[in-house]
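The basis for the numbers below is simple: all heavy atoms, side chains too, and nothing from hydrogens, waters or symmetry mates. Chain identifiers are assigned alphabetically (A, B, ...) following the order of the sequence lines, protein sequences preceding nucleic acid strands; residue numbering begins at 1 within each chain.
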There are 2 protein chains.
Amino acid sequence: MMRYHKVPEETIKRMPQYLRALLFLRQQSTKYITSRGLSEYVLLNPPQIRKDLSYFGAFGLRGTGYEVEPLIKQIRRILKLDVEQKTVLVGAGRLGSAIARFPGFQRYGFNITDIYDNAGKRIGKKIGKIQIKDVAKLNKIKANSVKIAIIATPPETAQQIADALVKAGVTSILNLTSAYLAVPKKVRVRTVDLAMELGMLPYYT
Amino acid sequence: MMRYHKVPEETIKRMPQYLRALLFLRQQSTKYITSRGLSEYVLLNPPQIRKDLSYFGAFGLRGTGYEVEPLIKQIRRILKLDVEQKTVLVGAGRLGSAIARFPGFQRYGFNITDIYDNAGKRIGKKIGKIQIKDVAKLNKIKANSVKIAIIATPPETAQQIADALVKAGVTSILNLTSAYLAVPKKVRVRTVDLAMELGMLPYYT
DNA sequence: TTGTGCTTGTGTTCACATTCACAAAGTCTT
DNA sequence: AAGACTTTGTGAATGTGAACACAAGCACAA
């Protein structure tokens with residue numbers, strides 16, 4: 001019974017991958033999947049998958065594999081994606097607009113409820129059904145209702161946006177700028193700088 | 001002398017971060033930086049930074065730190081970013097368009113030379129100075145001249161695009177779709193699924 | 001030139017993550 | 001009902017990367 005061990009951070013990072021694969025399998029009307037079967041969708045070996053899942057409980061059926069639908073529910077619960085996660089987007093430029101209409105977020109339980117920008121010409125306009133608000137009103141985010149934010153502004157303004165978000169009670173930030181963000185320890189930042197993601201590829205050629 | 005050890009993959013992933021910080025420091029006219037100084041820009045501790053750099057040589061000056069300009073050159077050389085990396089972009093939708101105009105790529109030596117899409121209405125139009133080509137002509141990529149590709153299409157078409165790219169001689173792919181891509185071992189894929197990046201954040205709240 | 005104060009470079013230690021190997025438990029066939 | 005076959009769950013072994021501590025080297029002042 002491993003359930004009371006500390007769960008490795010790497011395991012947490014892989015859980016969304018499992019979820020993505022399972023959602024795909026459900027769409028294909030697959031009812032059961034073995035760790036071997038899953039491994040073909042996530043490029044990890046079967047023992048790794050079994051071990052990861054076992055940190056949270058014994059979800060499988062020996063001799064059969066994992067039942068897709070219940071496992072989806074479990075992973076959603078583990079990652080706290082079973083409740084709707086209200087999300088704010090800051091930056092309604094090209095990248096921000098693309099993000100706002102990105103269908104993938106919904107599937108994981110993220111719901112973009114507010115969009116902010118600092119450009120006068122954009123404020124008031126709509127992306128989908130959401131009206132763009134003035135970034136100066138960021139402090140009006142209802143405390144405790146929005147915990148997650150996405151920053152898609154130019155890098156120069158990212159830090160001040162982050163400060164405002166933290167003050168408004170946001171605890172997780174997806175930073176899509178190239179800026180390094182200084183935040184209190186309790187706040188979790190995940191930075192995705194596309195140029196940097198590319199940066200390591202040529203090394204291996 | 002560690003130079004002949006195998007370089008950890010994690011180290012390679014961090015090198016672009018160092019580069020980014022150094023480029024910023026150069027812009028600030030900083031001539032020398034210590035490992036401690038750098039650590040404030042990349043959120044890693046000084047010994048980690050020194051160890052990473054030492055895999056490739058002794059670039060520092062004891063008592064002083066690292067000279068910014070030469071270190072930039074060294075890292076660029078190590079990551080093979082000192083020569084221009086021709087890059088193709090497939091998918092000229094919202095995300096693709098945002099990528100195409102993204103200024104960050106240039107700084108790292110990536111130069112988007114071709115853009116492809118499958119939608120008739122987009123083909124022939126221009127993004128910046130680059131005319132969008134028909135994805136059916138992907139096989140016309142000059143062999144050996146383009147090694148890197150970015151896929152920003154809907155996930156359903158990502159696999160067939162990847163197949164075509166591999167056939168055309170591309171060796172590194174940045175996959176911005178949620179699809180898992182099956183490619184030959186020699187081809188390097190880096191998948192960035194923004195929804196998945198968000199997926200792990202709520203766990204820690 | 002000698003001593004003091006930094007900072008790098010790295011062997012060693014430690015912590016964490018992955019893989020292995022197999023018992024336990026279920027399925028299915030005969 | 002029994003045996004062959006699958007597949008999970010996990011303790012133990014292995015592998016890999018991070019952190020530490022300190023010797024080696026450089027700068028600068030007296």
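- A:Asp117 places a side-chain N or O within donor-acceptor distance of the main-chain N or O of A:Ala92, the cut-off being under 3.5 Å.
- Side chain of B:Thr34 to main chain of B:Gly37: a donor-acceptor pair is present (N/O by atom type, distance under 3.5 Å, no hydrogens or angles).
- Residue pairs meeting the side-chain hydrogen bond (donor to acceptor under 3.5 Å, both in side chains) criterion with at least one member in residues 169-184 of chain B, sequence neighbours excluded, are B:Asn175-B:Thr177, B:Asn175-B:Thr191.
- When atom types are taken as modelled, the side chain of A:Thr30 and the backbone of A:Arg26 share no donor-acceptor pair closer than 3.5 angstrom.
- When the ring pair (Phe, Tyr, Trp, His ring centres under 6.0 Å) test is applied to B:Tyr32, no partner is found at least two apart in sequence or on another chain.
- Non-hydrogen atoms lying under 4.0 Å from DNA chain D are contributed by nothing in residues 32-40 of chain B.
- Annotation: ring pair (Phe, Tyr, Trp, His ring centres under 6.0 Å) contacts of A:Phe102 (sequence neighbours excluded): A:Phe105.
- Nucleotide C:dA17 holds its P atom 18 Å from the CD1 atom of A:Ile49, rounded to whole Å.
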Could you list the protein-to-nucleotides 24-30 of chain C atom pairs, N/O on both sides, closer than 3.5 Å?
{"from": "C:dA24", "atom 1": "N3", "to": "A:Arg62", "atom 2": "NH1", "distance (Å)": "2.8"}

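- Applying the side chain to side chain contact (heavy atoms under 4.5 Å, CB included) rule to A:Ala164 yields the partners A:Leu138; only residues at least two apart in sequence or on another chain are considered.
- Within the structure, every pair that satisfies the salt bridge (Lys or Arg N to Asp or Glu O under 4.0 Å) test and touches residues 70-79 of chain B, not counting sequence neighbours, is listed here: B:Glu69-B:Lys73.
- Rounded to an integer number of Å, the gap from CG of A:Leu53 to C1' of D:dG9 is 11 Å.
- Looking only at distances, a side-chain donor or acceptor of A:Gln159 sits under 3.5 Å from a matching main-chain atom of A:Ala182.
- Put simply, CZ on A:Phe59 is 11 Å from P on D:dT10, counting in whole angstrom units.
- End-to-end axis angle of the helix from C:dT1-D:dA30 to C:dT30-D:dA1, using five pairs per end and rounding to 10°, comes to 10°.
- The list of side-chain hydrogen bond (donor to acceptor under 3.5 Å, both in side chains) pairs with a residue in residues 127-139 of chain B, not counting sequence neighbours, reads B:Asp114-B:Lys133.
- Counting heavy atoms of neighbouring residues, nucleotides and ligands inside a 6.0 Å radius, atom CZ of A:Arg94 does not exceed 12 of them.
- Annotation: ring pair (Phe, Tyr, Trp, His ring centres under 6.0 Å) contacts of B:Phe59 (sequence neighbours excluded): none.
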Please write out each protein N/O paired with an N/O of nucleotides 16-21 of chain D under 3.5 Å, distance rounded to 0.1 Å.
{"from": "D:dA18", "atom 1": "OP1", "to": "B:Arg14", "atom 2": "NH1", "distance (Å)": "2.8"}
{"from": "D:dA18", "atom 1": "OP2", "to": "B:Arg14", "atom 2": "NH2", "distance (Å)": "3.0"}
{"from": "D:dA18", "atom 1": "O5'", "to": "B:Gln48", "atom 2": "OE1", "distance (Å)": "3.4"}
{"from": "D:dA19", "atom 1": "OP2", "to": "B:Asn45", "atom 2": "OD1", "distance (Å)": "3.1"}
{"from": "D:dA19", "atom 1": "OP2", "to": "B:Asn45", "atom 2": "ND2", "distance (Å)": "3.3"}
{"from": "D:dA19", "atom 1": "OP2", "to": "B:Gln48", "atom 2": "OE1", "distance (Å)": "3.4"}
{"from": "D:dA19", "atom 1": "N6", "to": "B:Lys51", "atom 2": "NZ", "distance (Å)": "3.4"}

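- By the side chain to side chain contact (heavy atoms under 4.5 Å, CB included) test, A:Pro103 pairs with no residue at all, sequence neighbours left out.
- Rounded to an integer number of Å, the gap from B:Phe56 CZ to C:dG9 C1' is 15 Å.
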